[in-house]
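Here is the structure we will look at, set down as structure tokens.
Here is the naming used below: chain letters follow the sequence lines, and residue numbers restart at 1 for every chain. Just so it is clear, the values below take in all heavy atoms, side chains as well, and ignore hydrogens, waters and symmetry mates.
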There are 2 protein chains.
Amino acid sequence: VDGVSPTLTSALLPFAPVLHVAWADGRLTPAEFEAIACAPELERLDADTRSAVTSWLLPGSPPSAASLAQLHEAVRNAAGPQGDAASLAELGLVLARQQGAQGDRLDRLQQALRAMETALGVAGAEAARSFVPLSDGAQLVAPAPSLNATALNGVVDPDHVELRGRVMRMLERPEFASPVEIDRAEYRAWVLERCRALSADGVGALAYPAEFGGRSDVAASIAVFETLAHNDLSLLVKYGVQFGLFAGSIFQLGTRSHHVRFLARALTLELPGCFAMTETAHGSNVRDVETTATYDRATDEFIVHTPHQRARKDYIGNAALHGRMATVFAQLIVGGQRQGVHALLVPLRDDSGSTLRGVQIEDCGAKEGLNGIDNGRIAFDRVRVPRDHLLDRFGSVGDDGVYTSPIASATRRFFTMLGTLVSGRVSIGSASVRAARVGLSIAVRYAHTRRQFGPEGSPEVPILDYLTMQRRLLPRVATAYALGFAARDLIRRFSDHAGPPPQEIEVEAAGFKAYASDFAVHTLLVCRQACGGQGYLAVNRLPRLLADADVFTTFEGDNTVLAQLVAKGLLTQYREQFGELRLWGAVRWVTDRAASALAERNPIATRRTDEDHLLDPEYHASALDWREARLLDSLARRLRHRIEAGEDSFAALNACQDHAIHTARAHTERLVLGQFHAAIAGVADEKLAQPLRTLCALFALHAVERDAAFFLAKGYLEGVKAEAIRTMVNRLCGELRPDARPLVDAFGIPDAVLAAPIALR
Amino acid sequence: VDGVSPTLTSALLPFAPVLHVAWADGRLTPAEFEAIACAPELERLDADTRSAVTSWLLPGSPPSAASLAQLHEAVRNAAGPQGDAASLAELGLVLARQQGAQGDRLDRLQQALRAMETALGVAGAEAARSFVPLSDGAQLVAPAPSLNATALNGVVDPDHVELRGRVMRMLERPEFASPVEIDRAEYRAWVLERCRALSADGVGALAYPAEFGGRSDVAASIAVFETLAHNDLSLLVKYGVQFGLFAGSIFQLGTRSHHVRFLARALTLELPGCFAMTETAHGSNVRDVETTATYDRATDEFIVHTPHQRARKDYIGNAALHGRMATVFAQLIVGGQRQGVHALLVPLRDDSGSTLRGVQIEDCGAKEGLNGIDNGRIAFDRVRVPRDHLLDRFGSVGDDGVYTSPIASATRRFFTMLGTLVSGRVSIGSASVRAARVGLSIAVRYAHTRRQFGPEGSPEVPILDYLTMQRRLLPRVATAYALGFAARDLIRRFSDHAGPPPQEIEVEAAGFKAYASDFAVHTLLVCRQACGGQGYLAVNRLPRLLADADVFTTFEGDNTVLAQLVAKGLLTQYREQFGELRLWGAVRWVTDRAASALAERNPIATRRTDEDHLLDPEYHASALDWREARLLDSLARRLRHRIEAGEDSFAALNACQDHAIHTARAHTERLVLGQFHAAIAGVADEKLAQPLRTLCALFALHAVERDAAFFLAKGYLEGVKAEAIRTMVNRLCGELRPDARPLVDAFGIPDAVLAAPIALR
């Protein structure tokens with residue numbers, strides 16, 4: 001049923017804008033009818049005008065589609081650029097004047113139109129805007145960024161500048177471009193070949209002594225790893241398996257003879273190797289791996305054996321195809337006595353690549369990501385290796401066939417050997433930050449150019465102008481800065497330390513790896529979704545980055561397990577601080593902490609919502625300090641109550657596991673904020689320090705906001721302050737928005753490495 | 001440096017347990033030294049014993065590794081199964097009795113050992129447990145589930161039982177098993193072939209009238225779609241593009257002649273087709289698509305044209321390879337006048353599959369997921385189609401060349417045409433729930449059998465016994481139930497409604513799709529990570545489900561855009577409820593709501609933490625009601641203030657966008673909870689109703705917990721209650737844990753469809 005065709009005369013034209021708006025949603029409500037038809041000012045106009053207007057006001061008989069379209073077109077054509085009038089009434093008057101209306105008639109029209117727009121509730125410029133002629137080419141001018149990305153990059157990565165640049169130049173070469181769609185077998189070959197190119201350049205050996213081609217510079221080696229993390233993550237992991245885990249285990253767990261015989265060959269990739277710790281049934285709980293290495297005094301050999309299928313070494317990188325040798329973690333048995341987990345070098349394949357007798361290897365097959373890595377499962381059937389294949393720095397078997405170790409406690413010995421994993425955790429944590437930065441660079445650049453929707457009558461706006469998009473991306477940009485500074489500091493302290501890292505760094509590395517890899521995965525997911533369908537295309541890299549980085553939350557220690565490790569480390573420190581003898585089964589707990597940081601909380605601060613306070617770095621630091629202290633204190637108390645009530649420590653810790661993980665996260669976040677503050681303190685150029693302070697405030701306030709439930713429940717925040725923080729997060733996002741592009745450009749990822757077409761427009 | 005080898009005599013043996021524990025961490029602290037060496041009770045023992053004990057207590061000279069290992073082994077061998085003693089002292093006494101100690105000596109030993117364990121803070125059975133001999137085969141007996149999964153499945157899917165079963169039997173056939181690793185071209189062919197098999201079975205036509213092979217049963221057709229969502233998601237989407245979007249657009253937007261000529265051929269897949277709405281530059285804002293369809297009176301044809309590259313139809317499923325025709329959305333121009341977006345049927349390829357003249361198609365290439373779908377980009381170069389190819393239900397061009405429409409308002413007409421998307425949103429929302437259930441079934445089954453770590457001296461425990469794992473999975477199982485009931489109700493109301501759905505259902509479908517697809521993606525990510533490395537293997541399905549379902553948050557309406565649509569719908573209802581004439585530019589706002597649901601909040605409830613209250617469904621409902629009302633009310637007020645201060649509505653809404661999205665989510669969650677309550681009310685069997693009530697309470701309290709910051713900030717919760725809710729969530733997880741397996745089995749996914757090896761052990 002088409003509608004009626006009411007009068008569209010020149011007398012009607014001044015009323016066309018109000019009439020069109022009244023009908024725009026297809027309905028004429030009684031209130032709308034009344035607002036126009038019953039305006040007393042209408043009565044004062046001539047009969048022609050009155051009847052023309054009322055011909056449009058039959059609630060049961062809407063005007064036809066064609067009539068409404070003509071009405072709109074007529075106004076737009078007549079008004080021209082003046083469609084952007086102060087209101088519908090003003091627009092009507094423009095049209096009336098064009099028709100020569102003046103004097104009394106103009107006055108009466110004005111009164112009638114103003115009455116109508118007021119009664120309709122559409123006074124104001126916005127309602128008139130739909131009549132502005134379309135201007136296809138019109139573009140909003142984006143505010144010019146004020147930030148120098150190159151200068152800021154000098155703050156982000158001040159170290160190993162030449163080395164990072166050299167590796168980045170390699171990655172820019174077309175042959176290093178991460179393949180978009182590639183068969184698994186081809187991809188593995190691609191990765192191995194690039195790994196050889198890196199090795200040929202010598203960057204794989206940097207962490208090791210000069211006699212093996214390096215310069216004993218662990219930090220430099222991590223700088224290379226970080227640079228690789230902007231590109232193909234399979235290549236990154238292959239590189240890490242060979243030069244980090246395999247070569248690292250020889251260097252850290254072995255002694256001089258192993259270094260001489262195997263290390264140089266590993267570092268030139270002449271000897272591709274594996275790090276065979278995980279078993280099918282034991283991934284996190286590697287202390288209970290079931291592979292055995294039994295010393296046979298008769299032949300002076302170790303017999304390496306897989307007792308059953310679930311004890312196979314599983315998910316071992318380099319195993320399915322390329323590995324010639326593996327560092328195998330096994331229960332060492334000497335003279336019938338179990339000595340705990342030790343590592344041995346076990347040859348897997350001969351020079352032609354055939355697996356050796358007693359070694360059975362199965363390909364793990366297709367994975368979510370990292371399909372350039374040839375993961376495999378290895379079973380050993382009584383494989384014999386000479387006694388000197390035991391990596392014997394922390395436990396050895398003498399010529400007399402007797403086991404000795406410089407570390408008496410089996411527990412301590414085990415954790416010392418696991419210290420080789422700390423380097424991996426630091427590296428994967430830092431690589432996670434880099435992968436997240438790639439995602440953020442792509443998403444921010446896209447959101448900066450992609451336009452969708454906009455105010456009525458105006459060009460579409462860049463989607464980064466939307467608050468939600470800013471909230472999704474900009475706090476993550478801030479976090480990517482924060483984690484970069486934290487990584488730099490952790491790497492410095494880790495690499496300055498000779499020998500096995502102290503427990504403090506081990507705990508910090510565990511927390512950092514868990515926090516950063518979790519951040520990376522969620523950031524890449526957000527970036528993918530923020531880029532809509534474009535983000536879903538393989539060519540735009542986000543899908544593969546997400547799929548590859550997802551396993552960073554699992555390998556080198558499952559994030560949940562690592563978070564518990566952090567919590568346990570904090571509880572140990574807490575115990576020592578308060579003179580407890582033992583945490584578990586304790587009877588000598590201090591009954592109360594008389595004075596603690598918790599009591600010093602200033603009650604006024606729970607309510608302060610002024611800008612000076614909300615942006616004060618000391619407030620940010622004290623909030624995150626307080627949270628950690630409070631969580632740790634209450635965690636310790638809860639555990640004590642449970643243990644005193646007769647629960648065993650396993651059950652007690654399990655009952656508080658969510659609390660423990662929250663504590664670990666709070667701890668890491670507090671450390672990260674501290675490093676952000678320290679980094680800013682070192683920036684002399686105010687033009688760079690200022691945006692960094694804004695980013696830092698955003699990171700801190702966003703952290704408080706995400707955990708607002710905790711702060712509110714414990715009385716550290718009041719509702720009005722939580723609301724003020726939310727508002728301030730929005731404001732900081734808005735302040736950073738004009739500089740969003742240089743902020744991600746300062747991550748220093750060249751276009752050729754970024755590669756995603758949506759990022760390069 | 002190896003340590004010393006202190007005395008290990010039979011006199012020492014009773015002290016071996018305490019000595020081993022003191023040295024277990026490799027250090028002897030002064031306090032530990034004092035606890036043993038300075039025990040006055042030690043002085044009362046003989047000199048041999050005293051010197052044997054003190055030989056182990058040289059803080060600077062730890063015992064050697066071999067000595068400590070022998071000490072441990074000696075105790076374990078001697079103690080036998082009694083190693084599981086009440087304490088270290090008891091264990092020592094067992095050893096002493098074995099050596100024949102009795103009378104006075106036994107008493108003195110007992111006093112000394114008790115004093116030592118107390119001073120060390122290790123009194124209790126746990127410390128003794130490391131001496132229990134290993135029993136490899138020991139397994140904890142899992143508590144038996146009490147729930148009948150089959151019976152519960154009858155509550156989960158009570159409708160279309162025969163049909164769902166029939167489709168599920170097809171999916172169980174080996175040829176329907178989702179391929180693990182497949183080349184893109186092969187995969188596309190695989191999907192098309194299975195689509196044909198489904199079509200041959202007639203299930204694709206169910207929604208359409210009998211004359212086209214169906215039975216006009218929309219709900220049945222969605223039941224098929226839901227069943228397909230447990231299997232290969234590319235097949236699901238291909239099916240949806242052909243039988244939902246393409247056939248649906250012909251049926252909903254076309255008239256009789258289109259149905260007769262094209263619908264039956266679409267439903268048999270004789271005519272594979274596309275739904276060509278999205279353009280490169282216009283994904284969300286489809287009102288501004290730039291493809292034109294200009295009526296040429298001379299030839300009585302439409303000229304379909306792509307004005308520039310960014311106006312190409314993009315991401316169109318079925319376009320790259322299989323599509324022969326497309327429903328193309330274009331700006332209709334008749335007699336020089338723009339009539340807004342309309343849909344036309346445009347042939348793309350001839351019978352041999354070659355693209356027709358003027359049609360240019362580019363393959364979108366590899367994607368994150370759904371690689372069985374041949375998405376493509378289509379450009380039209382002045383392609384002519386006859387006038388009767390315009391789908392003319394809501395707008396047509398007559399024999400006189402004049403445009404007419406039964407819907408006068410261009411805005412209303414556009415949204416009526418978009419109503420065809422509502423069906424897609426309902427279907428994708430519900431399919432999301434099914435995909436999430438597949439993930440949850442795999443992860444829960446795995447977590448039920450996978451063991452890792454455990455109490456000292458006991459077998460490892462299933463990882464589902466860990467609180468964190470329960471918290472990751474079980475509230476999501478509860479949500480998967482909740483969303484299933486909500487979907488059932490929404491589908492019933494949607495399919496009962498003839499013609500374009502009313503705005504209420506449109507808004508509800510938008511909210512449901514956004515909530516459910518977001519839930520699915522995050523659930524699949526959590527499931528993947530919960531399954532560790534196993535979850536990362538393609539064969540275990542989680543990676544592909546995640547990659548495929550990720551785009552559910554983008555297509556059929558970006559979730560952020562949909563949430564805003566929901567918020568706008570709620571604001572419109574709010575306006576009408578309070579007698580506002582117009583939301584934007586309003587002058588007649590009610591100045592205050594004198595009495596509202598908000599004021600009725602009972603202040604006592606903010607503090608009640610008793611179980612009856614926390615588990616009361618009325619409390620849950622009122623909490624979610626209150627949240628929504630409060631958010632909506634404050635959103636409306638904030639917008640009014642901004643508009644009154646002169647902001648335009650676009651800027652005002654953007655400034656409150658986070659608030660609007662929060663409101664939309666709260667609205668959907670409230671509706672979902674209501675449907676959960678309604679579903680439980682319909683369950684007569686108490687053995688099924690009881691676990692459903694527990695699940696429902698978990699869903700509701702988890703929702704409150706996640707938004708605790710809001711409830712706390714607004715004074716609806718106090719801190720102590722927020723803490724009680726957290727504790728109750730933990731408790732409910734624990735209560736549901738024994739039934740976790742039947743709870744996921746009740747989703748009714750057969751093993752052959754679940755397919756993941758880790759789920760089938």
>> Does any backbone or side-chain atom of A:Gln339 lie under 4.5 Å from a heavy atom of chain B? Answer side chain, backbone, both or neither.
In response: side chain

>> At a 4.5 Å cut-off on heavy atoms, which part of A:Thr553 comes close to chain B: side chain, backbone, both, or neither?
In response: side chain

> What part of A:Gln529 gets closer than 4.5 Å to chain B, counting heavy atoms only: side chain, backbone, both or neither?
Replying inline: both

> CD/A:Gln452 to CG/B:Asp558 distance, rounded to the nearest 0.5 angstrom?
Replying inline: 9.5 Å

> Side chain, backbone, both or neither: which part of A:Asp314 has a heavy atom under 4.5 Å from chain B?
Replying inline: side chain

> Which one of B:Thr554, B:Asp550, B:Asn730 has the most heavy-atom pairs closer than 4.5 Å to chain A?
Replying inline: B:Asp550

> What option among B:Gly454, B:Ala410, B:Cys364, B:Gly365 has the most heavy-atom pairs under 4.5 Å with chain A?
Replying inline: B:Gly454

> Of all of A:Arg471, A:Gln564, A:His20, which one pairs up most often with chain B through heavy atoms under 4.5 Å apart?
Replying inline: A:Arg471

> Tell me, side chain or backbone of B:Leu525 under 4.5 Å from chain A's heavy atoms, or both, or neither?
Replying inline: side chain

>> For B:Ala713, is there any backbone N or O sitting under 3.5 Å from a side-chain donor or acceptor partner on A:Glu723?
In response: no

> With respect to chain B, which residue among A:Ala708, A:Gly719, A:Ala366 yields the maximal number of heavy-atom pairs within a distance under 4.5 Å?
Replying inline: A:Ala366

>> Shorter than 4.5 Å, heavy atoms on both sides: which option in B:Gly532, B:Gly533, B:Ala722 has the most such pairs with chain A?
In response: B:Gly533

> Taking atom NE2 of B:His282 and atom CD of A:Glu460, what is their separation to the nearest 0.5 Å?
Replying inline: 3.5 Å

> Heavy-atom distance under 4.5 Å to chain B: side chain of A:Arg413, backbone, both or neither?
Replying inline: side chain

> Side chain, backbone, both or neither: which part of B:Glu705 has an atom under 4.5 Å from a heavy atom of chain A?
Replying inline: neither

> Quick one: what part of A:Leu717 sits under 4.5 Å from any heavy atom of chain B, side chain, backbone, both or neither?
Replying inline: neither

> Which of the residues A:Ser284, A:Gly340, A:Ala69 is involved in the greatest number of heavy-atom pairs with chain B at under 4.5 angstrom?
Replying inline: A:Ser284

>> Under 4.5 Å from any heavy atom of chain A, what part of B:Leu542 do you find: side chain, backbone, both or neither?
In response: neither

> For B:Leu68, is it the side chain, the backbone, both, or neither that has a heavy atom closer than 4.5 Å to a heavy atom of chain A?
Replying inline: side chain

> What part of B:His522 gets closer than 4.5 Å to chain A, counting heavy atoms only: side chain, backbone, both or neither?
Replying inline: side chain

> For chain B, which of A:Gly395, A:Ala538, A:Ser67, A:Gly646 has the most heavy-atom pairs under 4.5 Å?
Replying inline: A:Ala538

> Side chain, backbone, both or neither: which part of B:Asp648 has a heavy atom under 4.5 Å from chain A?
Replying inline: both

> Quick one: what part of B:Thr278 sits under 4.5 Å from any heavy atom of chain A, side chain, backbone, both or neither?
Replying inline: neither

> Under 4.5 Å between any side-chain heavy atoms of B:Arg726 and A:Asp658, yes or no?
Replying inline: yes

>> Among B:Arg472, B:Arg528, B:Arg184, B:Lys367, which residue has the highest count of heavy-atom pairs closer than 4.5 Å to chain A?
In response: B:Arg528

> Quick one: what part of A:Arg544 sits under 4.5 Å from any heavy atom of chain B, side chain, backbone, both or neither?
Replying inline: neither

> Where does A:Ala660 contact chain B at under 4.5 Å (heavy atoms): side chain, backbone, both or neither?
Replying inline: neither

> When heavy-atom pairs shorter than 4.5 Å are enumerated against chain B, which of A:Arg412, A:Gln534, A:Met469 gives the highest number?
Replying inline: A:Arg412

> Is chain A contacted by the side chain of B:Asn654, its backbone, both, or neither, given a heavy-atom distance below 4.5 Å?
Replying inline: both

>> Given heavy-atom pairs under 4.5 angstrom as the criterion, report whether the side chain, backbone, both or neither of A:Val402 touches chain B.
In response: neither

>> Need one label for A:Thr560: side chain, backbone, both or neither, based on atoms under 4.5 Å from any heavy atom in chain B.
In response: side chain

>> At a 4.5 Å cut-off on heavy atoms, which part of A:Leu467 comes close to chain B: side chain, backbone, both, or neither?
In response: both

>> Please identify, among B:Asn375, B:Val720, B:Val521, the residue contributing the most non-hydrogen atom pairs under 4.5 Å to chain A.
In response: B:Val521

> Quick one: what part of A:Ala547 sits under 4.5 Å from any heavy atom of chain B, side chain, backbone, both or neither?
Replying inline: backbone

>> Would you compute the distance between atom OG1 of B:Thr280 and atom CZ of A:Arg450 and round it to the nearest 0.5 angstrom?
In response: 8.0 Å

>> Report which part of A:Tyr315 has an atom under 4.5 Å of a heavy atom belonging to chain B: side chain, backbone, both, or neither.
In response: side chain

> Who wins among B:Asp288, B:Thr468, B:Ile661, B:Thr411 for the most heavy-atom pairs under 4.5 Å with chain A?
Replying inline: B:Thr468

> Does any heavy atom of chain A fall under 4.5 Å from the side chain of B:Val334, the backbone, both, or neither of them?
Replying inline: neither

> Top residue by heavy-atom pair count (under 4.5 Å) with chain B, among A:Gly734, A:Cys656, A:Gly369, A:Ala651?
Replying inline: A:Gly369

>> Main chain of A:Tyr536, side chain of B:Glu368: is a donor-acceptor contact present, judged purely on distance under 3.5 Å?
In response: no

>> Please classify the contact between B:Arg706 and chain A as side chain, backbone, both or neither, with a heavy-atom cut-off of under 4.5 Å.
In response: neither

